[in-house]
Amino acid sequence: MVGYPPITKMNQDNSDKKILTVGIEGRPYDIVIGCGAISAAGALVGKLAGGDDVCVVSDENVWALHGAALEAALDSAGTRHSVFVIPPGEGSKNINQLAAIYNWLAEGGRLSRSGLILAFGGGVVGDIAGFAAATWMRGVRCVQIPSTLLAMVDSSVGGKTAIDTKHGKNLVGAFHQPSLVLIDPALLDTLPAREFGAGLAEVIKYGAIASESLFRDIEYAANAAAGKGGISDAIRRTLRIEDVIRDCCSIKAEIVSEDEFDTGLRAILNFGHTFGHAIESKYGFGKYNHGEAVAAGMGIAAGVGERLGVTERGTAERIYALLDGAGLGFREGAADLIPYMKSDKKALSGGVNLILLRRVGEAVIHKIDWDELEKLL
Ligand code: GLY
């Protein structure tokens, strides 16, 4: 079992400006967070592009809602750009859509090696546009402007890019760190409540693995939400969403800086995901969205941790109480998940690395073999 101390040295030196740095050696990059930050996109992206072309990839929904604001920002800074819009949803994250992006980049020499790709959307856009950037001419720079809570706190940071194949999600991909992540929480005003909840599951995950104070903040918001509207309103009333996003990004930045290529510490970001991915496979990505499956998976992982004696007693109850309060209280049986876990790309021969909690705010990696897990479930 590998244990890690709680994340203590959060990267908050610049917290009032809300600029965090992902300290990848030799290639550090900024995460700029602020309501209305999209209006700064022209200047920030233009500075990076330095006169070269900016190729924006977005999806139909995001572009219809927020495309005009991004274009106005790019135009006002005189940043030369063109736009490719894909259909929304996971179904677009495939080789055909990627080929369409490559063809568009090639038309009339639209994107040279010195230009950059700007991914403007949720996780699907970030993943496919990021993968196009990782592979176009063996790699061009990429800027991520996430539009969903899930993408703001997780997928836009850390450089994981991928497409799906019929054999599985994210089976083909690359690590390709962005040059800049620009987060404008005002974009969340148009996010459907269910999508907000999916991002909130990842927020709760960060609290569970690395920050009891973040976990407590969300408990506080969930209590405030009881009987008074949704959790998203309560977070706006009782906390500041940009602070919540900053806390999550601080944790992710610190973990990614230490383990860019996911060979150790970074695995703790998968708390709830091992069971969550199995739940997604079991239901064919239909019943639950990713965040909801991860929420169900976090509850299972906390219970398994207690049964193994790794997790402090009472932790599972606390996790379930918060998930219930956040509208994410899904209960899934775990006994039939093992076959799905065995075909996950993170399975080991003979078993799996489970991400468990010692307590709220501290995660451990616990290798377990299939027989033992089967008995526990
Ligand atoms: N989403 C998990 C990671 O970035 O490693």
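Atoms within a ligand are numbered from 1 in the order they appear, just like the ligands themselves. These numbers were taken from a predicted model, which means no experiment stands behind them.
Under the side chain to side chain donor-acceptor pair (under 3.5 Å) criterion, S257 pairs with no residue, sequence neighbours left out. In this structure E107 satisfies the side chain to side chain contact (heavy atoms under 4.5 Å, CB included) test together with W104, R110, sequence neighbours excluded.
Identified under the side-chain hydrogen bond (donor to acceptor under 3.5 Å, both in side chains) test for residues 35-46, with sequence neighbours left out: none.
Side chains of N94 and K166: a donor-acceptor N/O pair is absent below 3.5 angstrom, by distance only. Side-chain contact, E280 with H273: no donor N or O sits under 3.5 Å from an acceptor N or O.
Each of R318, E362, R359 was scored for a side-chain contact (heavy atoms from CB on, under 4.5 Å) with E312, with one residue passing: R359.
Contact residues for ligand 1 (protein heavy atom closer than 4.0 angstrom to any ligand atom): D154, K160, K252, R266, L269.
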